[in-house]
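Letters A, B, ... mirror the listed sequences (proteins, then strands); counts begin at 1.
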2 protein chains.
Amino acid sequence: MERTGTPGKDAGTGRLNRRIVVRAALELVDADGLEALSMRRLGQALGRDPMALYRHAAGRKELLAGVVELVLEELEVFPDDTDWQAQLRRMAHELRRVCLLHPNVVPVLVTGPLSTPLGLRPAGTLKPLEQILGTLIAAGFTPVSALHVYRAFYGFLYGHILNELQELVADPDENEALLRLGLQRLPLRDFPHLRRMAPELLEYDGERELDQGISILLDGLGQQLAVSTGR
Amino acid sequence: MERTGTPGKDAGTGRLNRRIVVRAALELVDADGLEALSMRRLGQALGRDPMALYRHAAGRKELLAGVVELVLEELEVFPDDTDWQAQLRRMAHELRRVCLLHPNVVPVLVTGPLSTPLGLRPAGTLKPLEQILGTLIAAGFTPVSALHVYRAFYGFLYGHILNELQELVADPDENEALLRLGLQRLPLRDFPHLRRMAPELLEYDGERELDQGISILLDGLGQQLAVSTGR
DNA sequence: CAAGCAAGTGTACGACGTATGCCTACAGTG
DNA sequence: CACTGTAGGCATACGTCGTACACTTGCTTG
């Protein structure tokens with residue numbers, strides 16, 4: 001089997017392994033989007049026949065699960081901090097950071113769990129759940145309460161990230177024109193408010209929005225905890 | 001052009017229009033999932049050549065946007081209510097209800113906006129935004145504040161719905177076995193808490209979870225409003 | 001060295017979205 | 001009535017996709 005003269009840094013030389021394959025997949029997705037990830041394209045990028053990839057990933061879907069796992073591995077884990085609220089805030093910003101680095105992965109990161117029962121998910125994708133459980137249980141929450149907080153927290157977080165990624169645009173000027181035009185096109189009778197909110201819509205600060213959202217959540221949680229403790 | 005003898009209720013008889021096409025697409029997705037929706041399958045279901053569908057939808061992606069619009073049309077709009085918090089709670093449950101009716105549509109409902117700027121979205125998909133803006137502005141919020149509340153609220157809502165749909169299972173007994181097995185498979189060192197939380201994980205009440213989440217949000221909002229009003 | 005296994009490839013199939021050009025039916029107009 | 005324009009539909013084909021299956025190659029181990 002001749003392998004010399006194949007283009008690319010590591011492509012075509014040495015044996016593949018799962019990590020190499022998944023990493024190349026992530027690079028492809030980051031560069032050209034989810035739909036650009038085909039087994040043929042990936043095989044080409046690695047200097048291999050596409051069929052070779054099936055030695056390292058069961059199929060395209062499972063490969064994408066590996067990509068998600070790889071992205072979540074980039075989440076930094078923090079030393080134990082006694083302030084669980086500060087911890088949650090940090091985790092939120094960390095997930096935001098990672099998702100902003102890999103915006104094209106977010107759709108599959110967010111919808112993947114819909115088609116994979118928790119018992120079948122790759123361990124790496126369950127790390128955030130374990131992390132929050134650990135943080136909250138260490139802070140005195142019962143496992144049930146910790147789980148409820150996780151659901152509310154991550155529910156909001158995913159929603160926020162989806163919102164923020166919508167605001168990412170290549171060209172802000174072009175976006176403004178498009179938005180104003182699009183809003184004008186809406187029927188006045190049905191959209192009296194939205195039609196005149198272009199300035200507000202154009203002003204978006206994702207980090208601040210996230211901070212405010214987390215504050216709302218934590219305030220509300222604080223109040224609920226006070227209520228259930230005061231009983 | 002002979003049209004007689006074509007199977008199906010309305011399939012094959014009369015002219016298509018966009019509504020018929022989009023509705024048939026929704027039925028296909030509801031029955032067999034998003035991936036089952038191909039132009040060929042849809043054409044077959046309608047007793048038409050797949051190429052005929054392009055007269056009514058620009059392409060598959062735009063067709064899916066129409067499906068989402070159709071689903072959002074099912075959201076009931078309520079008479080004006082002076083209690084904006086009760087309104088928000090109702091809207092949340094209404095969206096939940098509709099999403100539970102069409103779980104297969106949720107992935108595209110949630111991720112669609114990532115690839116379509118707001119100015120290019122079908123008007124129907126912007127109805128929820130307008131509704132919340134209207135409700136909050138009528139309750140005295142400024143447009144900016146209303147927009148921020150919308151983002152926090154809908155962010156949480158989408159996250160909650162994604163969570164809840166994960167919990168939908170065909171066979172609860174099989175799910176339990178799978179979950180227990182899956183949790184046991186996790187390394188104890190990395191997942192000390194999650195590994196023993198099968199009972200808690202198995203107990204899920206989506207409606208209650210949503211109610212509690214909304215309460216958390218509204219409490220937190222109430223507190224933030226009190227802070228900014230007390231300035 | 002031989003056997004076994006992991007990694008890789010050749011070939012092909014069924015399926016996909018949609019470009020392009022042509023056909024049919026119908027409505028409107030002179 | 002004949003003609004034109006338009007909406008709806010279809011035939012053909014192309015490039016692309018995921019992956020089944022069988023075979024080949026390379027490496028490791030006894």
Quiz item: Should A/H56 be listed as having a side-chain N or O under 4.0 Å from OP1 or OP2 of C/dA6?
Solution: no

Between side-chain atoms of residues 54-61 of chain B and protein atoms elsewhere (two or more places apart, or another chain), which donor-acceptor pairs fall under 3.5 Å?
residue	atom	partner	partner atom	Å
B/R60	NE	B/L37	O	2.8
B/R60	NH2	B/L34	O	3.1
B/R60	NH2	B/L37	O	3.2

Practice problem: Could you tell me whether A/R180 and A/E176 make a salt bridge, using a distance below 4.0 angstrom between a side-chain N and a carboxylate O? | Solution: yes

Quiz item: Which pairs, with at least one residue in residues 107-121 of chain B and sequence neighbours excluded, count as a side-chain hydrogen bond (donor to acceptor under 3.5 Å, both in side chains)?
Solution: A/Q166-B/R121

Quiz item: Atom CG of B/D49 to atom P of C/dT24: distance rounded to whole Å?
Solution: 15 Å

Output side-chain donor-acceptor pairs under 3.5 Å for residues 151-163 of chain A, partner residues at least two apart or in another chain, one line each.
residue	atom	partner	partner atom	Å
A/H160	NE2	A/E164	OE1	2.9
A/H160	NE2	A/G206	O	3.4
A/N163	ND2	B/R151	O	3.2

Quiz item: Restricting to pairs with a member in residues 191-208 of chain A, which pass side-chain hydrogen bond (donor to acceptor under 3.5 Å, both in side chains), not counting sequence neighbours?
Solution: A/H193-B/E130

Self-check item: Contact state string [nucleotides 13-23 of chain D, B base, S sugar-phosphate only, - no protein heavy atom under 4.0 Å]
Solution: B---BBBBB--

Exercise. Examine C/dA7: is either OP1 or OP2 under 4.0 Å from a nitrogen or oxygen in the side chain of A/R15? Give yes or no.
Key: no

Practice problem: Could you name each residue pair satisfying salt bridge (charged side-chain N to carboxylate O under 4.0 Å, His left out) that touches residues 184-194 of chain A, not counting sequence neighbours? | Solution: none

Practice problem: Starting from P on C/dA19, measure out to CG on B/L53 and report it in whole angstrom. | Solution: 14 Å

Practice problem: Starting from P on C/dG8, measure out to CG on A/L46 and report it in whole angstrom. | Solution: 9 Å

Practice problem: Provide, to the nearest angstrom, the distance between the CG atom belonging to A/L42 and the C1' atom belonging to C/dG8. | Solution: 14 Å

Practice problem: For A/N17 and D/dG26, give me the distance from atom CG to atom P, rounded to whole Å. | Solution: 20 Å

Quiz item: Which whole-number value in Å describes the distance from A/I20 CD1 to C/dG8 C1'?
Solution: 14 Å

Practice problem: Starting from C1' on D/dA7, measure out to CZ on B/R48 and report it in whole angstrom. | Solution: 13 Å

